[in-house]
Amino acid sequence: MKIAASFLSCKNIEKGIQKLSATDADFIHVDLMDGTLYKGRKFSVRKLKKIFKHTRKRLDVHLMVKKPKKYIRKFSMLNTESITFQIETEKNIEKNLELIHSFGIKCGLAISPDTEISRLRPYLDKIDMILVMSIVPGFGGQAFKEESISRIEMIHKMIQEANLDVKISVDGGINDETIKKLKYVDQVVAGSYITNQKNFQEPIDCLRKSAGLR
Ligand code: DX5
Ligand code: ZN
């Protein structure tokens with residue numbers, strides 16, 4: 001199981017990103033909101049670009065915006081491993097997935113807790129990853145929604161039935177207890193559990209230990 005660390009709850013994002021870069025997290029998770037789809041903390045892409053120029057970690061980008069296209073190009077120029085956007089955008093989903101792939105970057109669809117899982121089905125053979133939101137998108141520090149467990153199971157079943165290799169990532173409320181409940185998951189996104197502590201490496205070690213990786 002891979003760990004993508006989110007800096008969304010860091011007071012000082014420059015410092016936060018620097019500290020996350022010094023850990024052995026597999027990826028830095030970049031949460032981007034612009035107020036069009038979900039409310040939340042906004043960052044300027046220019047500022048992020050400036051900071052990430054000095055970071056060697058690969059980025060796991062999560063776009064919670066109505067028009068992902070605008071940001072796909074910008075993030076494709078950084079050290080980006082994958083770009084995931086919310087399925088709730090509805091328009092141009094296929095085109096945007098193709099655009100991400102055209103840059104040689106993995107693509108994913110994120111799904112909010114209230115969205116029907118069957119909405120993912122038409123895109124299954126076009127994506128590398130599904131990001132299951134285990135909180136309402138917008139803010140870090142929320143409690144893990146228990147119903148996510150059965151949603152993950154249903155998504156896993158759907159992928160198996162289609163005989164495809166689509167990875168499952170889970171985002172929201174991940175800590176050393178909730179991570180133990182996860183099955184069929186290839187990656188977790190963890191924010192406040194890591195960045196609320198002084199030393200960022202220790203909680204990452206705890207997550208790996210709880211997931212049976214260490
Ligand atoms: C929320 C973001 C999450 C958030 C997770 O919309 O997508 O990535 O940073 O934060 P925690 O781990 O604190 O729930
Ligand atoms: Zn996220």
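Quick note: numbers below take in every heavy atom, side chains included, and nothing from hydrogens, waters or symmetry partners.
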Start with the C-alpha gap between Phe7 and Phe43, add the side-chain angles, then the distance that decides, and say whether ring-ring contact (aromatic ring centres under 6.0 Å, His included) holds.
-> CA-CA 11 Å; Phe7 56 87; Phe43 302 110; 5.5 Å; yes

side-chain hydrogen bond (donor to acceptor under 3.5 Å, both in side chains) between Ser112 and Gln86, intermediate numbers included = CA-CA 8 Å; Ser112 288; Gln86 294 290 141; 3.2 Å; yes

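Taking Lys19 as the reference, nothing meets the salt bridge (Lys or Arg N to Asp or Glu O under 4.0 Å) condition, with sequence neighbours excluded. For Ser192, the side-chain contact (heavy atoms from CB on, under 4.5 Å) criterion is met by Ser9, Asn196, not counting sequence neighbours. Applying the side-chain contact (heavy atoms from CB on, under 4.5 Å) rule to Lys67 yields no partners; only residues at least two apart in sequence or on another chain are considered. In terms of the side-chain contact (heavy atoms from CB on, under 4.5 Å) criterion, residue partners of Lys2 (sequence neighbours excluded) are, by chain and number, Asp26, Phe27, Gln187. With sequence neighbours left out, the side-chain contact (heavy atoms from CB on, under 4.5 Å) criterion links Ala162 to Leu124, Leu164.
His156 has its side chain within reach of Ile168: a pair of non-hydrogen atoms, C-beta onward, lies under 4.5 Å apart. Residues Ile127 and Leu97 meet the side-chain proximity criterion, which asks for heavy atoms closer than 4.5 Å. With a 4.5 Å cut-off on side-chain heavy atoms, Arg46 and Lys50 do not count as touching. Side-chain contact between Ile117 and Arg119 is absent, with no heavy atoms from C-beta onward closer than 4.5 Å.
Under a hydrophobic-cluster definition in which Ile, Leu, Val, Met, Phe, Trp and Tyr are linked whenever side-chain heavy atoms come within less than 4.5 Å, directly or via other members, Ile149 and Ile135 are assigned to different clusters. When the side chains of ILVMFWY residues are joined at heavy-atom separations under 4.5 Å, either directly or via intervening members, Ile3 and Tyr193 end up in a single hydrophobic cluster. Connection of Leu131 to Leu207 is not established within any shared hydrophobic cluster, with ILVMFWY side chains joined at heavy-atom distances below 4.5 Å, either directly or through further cluster members.
To the nearest 0.5 Å, atom CG of residue Asn92 and atom CZ of residue Phe85 are 9.0 Å apart.
Asn79 places a side-chain N or O within donor-acceptor distance of the main-chain N or O of Arg56, the cut-off being under 3.5 Å. Here the side chain of Gln197 pairs no donor or acceptor atom with the backbone of Pro203 at under 3.5 angstrom. Side-chain atoms of Thr80 never come within 3.5 Å of backbone atoms of Ser76 as a donor-acceptor pair (strictly under, hydrogens ignored).
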Only distances under 3.5 Å count here; give the side-chain donor-acceptor pairs of residues 100-110 to other protein atoms, sequence neighbours excluded, each with its distance to 0.1 Å.
unit_1 : atom_1 : unit_2 : atom_2 : d
His101 : NE2    : Asp128 : OD2    : 2.8
Ser102 : OG     : Leu99  : O      : 2.6
Lys106 : NZ     : Glu81  : OE2    : 2.7

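Between Lys66 and Glu88 no salt bridge is recorded (no basic side-chain N to carboxylate O distance below 4.0 Å).
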